[in-house]
Amino acid sequence: MSRINEMLQELCPDGVKFKELGTIAELVRGNGMPKSDFTDEGIGCIHYGQIYTHYGAWATEVISHVHEDKAASLAKVNPGDLIITNTSENLDDVGKAVAWLGSETIVTGGHATVIKPSIDSKFLAYWFQSPAFFYEKKRRATGTKVIDVSANKLATVKIPVPPLKVQREIVRVLDQFTQLEAELEAELEAELEARRRQYEYYRDRMVSEAVGAEHLRLGDVGVFVRGRRFTKNDVVDSGIPSIHYGEIYTEYGTSTTEAVRQVRVELRDQLRYAEPGSVVFAGVGETVEDVGKAVAWLGNGPVATHDDTFVFTSSLDPKYVAYAVQTKEFHRQKERHVSRAKVKRLSASGLADIKIPVPDLAVQKRIVETLDDFDALVNDINFELPAEISFRRKQYEHYRDRLLTFREAAA
């Protein structure tokens with residue numbers, strides 16, 4: 001910061017000039033290029049939606065291509081140009097930009113504008129991440145469900161234009177920050193993954209090596225009952241507690257005492273319920289991994305269950321069952337019974353045919369107590385490491401915003 005301040009004081013002591021984007025860059029609106037045009041090879045391209053989800057402030061490689069004949073009619077992006085989004089479902093994503101720093105010309109399509117600047121493209125891409133730009137695009141945004149900031153309106157945004165030497169020094173510092181942030185995130189993610197794998201190893205080992213366990217079919221130690229249908233339209237703020245199959249792999253852990261959704265009380269007599277101490281299995285999923293996931297229901301009363309779930313009732317410890325069906329061995333057996341259609345399905349008879357180790361109840365409870373402790377530790381790490389990543393991001397954003405805030409020179 002001190003070096004950049006010194007440079008600013010030396011090179012522009014009266015402040016930095018601000019210029020409208022349209023006076024320091026050519027703006028070319030993209031057109032066409034749906035995702036259905038993508039090919040494995042051809043001319044590199046960046047789709048506007050990928051700028052929200054994949055790219056940072058700059059890129060040297062693309063993840064998509066189009067045929068040469070398609071590319072001929074699309075907006076060209078030369079090395080040093082930027083692509084900025086004109087449309088999004090929210091204000092944060094609209095106006096996101098990526099500087100193209102690859103070695104070849106690529107193309108982009110609709111809902112995006114190519115910016116061909118006369119200033120450092122990475123400096124401009126970083127500035128497009130600043131609160132100052134957020135304020136400017138918010139003033140120019142139109143729409144409610146779909147937010148739009150047109151190329152013509154972008155052209156009127158006033159951009160700080162410090163001397164090129166200052167722009168490049170700011171880019172150098174922000175590149176270092178970005179690299180350090182990426183390295184830290186990679187380290188923290190690796191630590192989190194290592195803890196998860198350690199937990200999974202001990203969970204699988206404790207279940208598979210349970211003292212005195214017999215390997216028994218689930219159908220021989222309990223009963224599966226399918227739930228009854230309800231839809232998203234039946235969900236209400238206050239009604240009958242319910243468990244939908246999709247919530248088992250998105251909302252719940254091994255067990256729960258509260259339902260995250262409720263359905264209309266008018267359905268009371270039409271529904272089927274899991275009693276406390278039951279285990280609810282997902283019978284449907286988009287992946288083989290998700291289908292067959294289970295949550296032990298430990299609430300104070302019954303909970304309604306969706307028709308794509310199966311309620312397992314037995315004399316076993318419900319949390320032990322929920323842990324046992326997370327193991328690699330359970331998943332190995334499960335794969336034989338899962339349908340291979342686009343939507344993966346697992347029937348009650350398929351679930352009933354899968355074997356799990358069944359020790360006596362006292363051993364089950366000891367395993368549950370130990371795994372609960374492991375689970376709590378991993379959950380703590382799941383909370384702490386993302387919080388650390390978030391803190392580092394905020395720290396980076398703070399310094400980035402300070403570097404990109406300038407005193408404007410008098411007109």
Side-chain angles (χ1 to χ4, degrees), residues 21 25 27-66 70-71 74-117 119-131 133-134 137 147-149 151 154 157 159 167 170-186 189 389-390 392-393 396-397 400-401 403-404:
L21 181 60
L27 280 72
V28 179
R29 185 67 189 260
N31 63 286
M33 201 179 79
K35 291 182 180 179
S36 57
D37 286 345
F38 289 173
T39 58
D40 293 333
E41 296 180 349
I43 304 298
C45 66
I46 293 179
H47 186 271
Y48 81 99
Q50 296 169 340
I51 299 175
Y52 320 140
T53 58
H54 181 78
Y55 294 105
W58 51 272
T60 57
E61 296 180 352
V62 297
I63 58 173
S64 300
H65 299 79
V66 292
K70 292 283 186 183
L74 298 174
K76 305 299 184 289
V77 185
N78 298 316
D81 292 346
L82 293 88
I83 308 171
I84 191 167
T85 61
N86 296 109
T87 303
S88 175
E89 294 179 357
N90 60 72
L91 192 58
D92 284 333
D93 286 340
V94 71
K96 278 199 170 181
V98 54
W100 172 242
L101 303 179
S103 58
E104 298 179 349
T105 296
I106 62 170
V107 294
T108 193
H111 305 296
T113 295
V114 181
I115 299 175
K116 300 176 178 293
I119 64 174
D120 189 286
S121 58
K122 285 179 80 173
F123 169 80
L124 185 55
Y126 279 128
W127 189 81
F128 281 139
Q129 295 179 345
S130 69
F133 177 64
F134 185 90
K137 73 179 180 181
I147 311 299
D148 185 85
V149 180
L154 283 171
V157 174
I159 310 290
Q167 295 176 39
I170 289 172
V171 165
R172 185 189 70 80
V173 173
L174 290 179
D175 279 351
Q176 287 183 338
F177 274 132
T178 302
Q179 182 178 353
L180 289 172
E181 182 194 18
E183 289 173 354
L184 177 65
E185 286 192 22
E189 291 290 353
I389 291 172
S390 177
R392 295 293 183 175
R393 283 179 181 160
Y396 160 74
E397 290 168 1
R400 179 199 66 202
D401 296 345
L403 284 170
L404 295 171

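A quick note: this is a predicted structure, and the numbers were derived from the prediction, not measured.
- The OG1 atom of Thr178 sits 8.0 Å away from the NZ atom of Lys122 when rounded to the nearest 0.5 Å.
- Here the closest non-hydrogen pair linking Leu82 and Pro117 is CD1-CG, 3.6 Å.
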Leu404 vs Phe123, side-chain contact (heavy atoms from CB on, under 4.5 Å): CA-CA, chis, key distance, verdict: CA-CA 9 Å; Leu404 295 171; Phe123 169 80; 3.8 Å; yes

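- Nearest heavy-atom pair across Leu403 and Phe177 is CD1-CE1, 4.4 Å.
- Of all non-hydrogen atoms in Arg29 and His111, the two that sit nearest each other are NH2-CA, 3.9 Å.
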Please output the side-chain donor-acceptor pairs of residues 31-42 that fall under 3.5 Å, not counting sequence neighbours, one pair per line with the distance.
| from | atom 1 | to | atom 2 | distance (Å) |
| --- | --- | --- | --- | --- |
| Thr39 | OG1 | Glu41 | O | 2.5 |
| Thr39 | OG1 | His65 | O | 3.4 |

Candidate pair Tyr48 and Thr108, rule side chain to side chain donor-acceptor pair (under 3.5 Å), full reasoning: CA-CA 8 Å; Tyr48 81 99; Thr108 193; over 6 Å; no

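- Residues passing the side chain to side chain donor-acceptor pair (under 3.5 Å) test with Thr113, sequence neighbours excluded: Asn86.
- Counting only heavy atoms from C-beta outward, the side chains of Val157 and Trp127 approach each other to under 4.5 Å.
- Residues Arg400 and Gln129 come closest through the heavy atom pair NH2-O, 3.0 Å.
- Taking CG of Asn78 as the start and OG of Ser121 as the end, the distance is 11.5 Å to the nearest 0.5 Å.
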Stepwise side-chain contact (heavy atoms from CB on, under 4.5 Å) test for Leu154 and Ile84: CA-CA 10 Å; Leu154 283 171; Ile84 191 167; 3.7 Å; yes

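- The side-chain contact (heavy atoms from CB on, under 4.5 Å) test with Ser130 is passed by exactly one of Phe128, Tyr126, Phe133, Phe134: Phe133.
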CA sep, side-chain torsions, deciding dist, call: Asp175, Trp58, side-chain contact (heavy atoms from CB on, under 4.5 Å): CA-CA 10 Å; Asp175 279 351; Trp58 51 272; 3.5 Å; yes

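- Summarising the geometry, atom CZ belonging to Arg392 is positioned 12.5 Å from atom CD belonging to Glu183; distances are rounded to the nearest 0.5 Å.
- With rounding to the nearest 0.5 angstrom, the CD1 atom of Ile170 is 8.0 Å from the CD atom of Gln167.
- To the nearest 0.5 Å, atoms CG (Leu74) and CD1 (Ile43) are separated by 10.5 Å.
- Of all the heavy atoms in Ile106 and Cys45, the pair that sits closest is CB-N, 4.3 Å.
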Audit row: Leu124, Leu21, side-chain contact (heavy atoms from CB on, under 4.5 Å) steps and yes/no: CA-CA 10 Å; Leu124 185 55; Leu21 181 60; 4.1 Å; yes

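- The environment of Glu61 atom CD is sparse: at most 12 non-hydrogen atoms of other residues, nucleotides or ligands sit within 6.0 angstrom.
- Going from atom CG of Asp92 over to atom NZ of Lys137 covers 6.0 Å, rounded to the nearest 0.5 Å.
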Would you be so kind as to tabulate the donor-acceptor pairs closer than 3.5 Å made by side chains of residues 93-104, with sequence neighbours excluded?
| from | atom 1 | to | atom 2 | distance (Å) |
| --- | --- | --- | --- | --- |
| Asp93 | OD2 | Asn90 | ND2 | 3.3 |
| Trp100 | NE1 | Glu104 | O | 2.7 |

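- The two residues Ala75 and Val114 have their closest heavy-atom pair at CB-CG2, 3.9 Å.
- With contacts defined as side-chain heavy-atom distances shorter than 4.5 Å, the pair Gln50/Ser64 qualifies.
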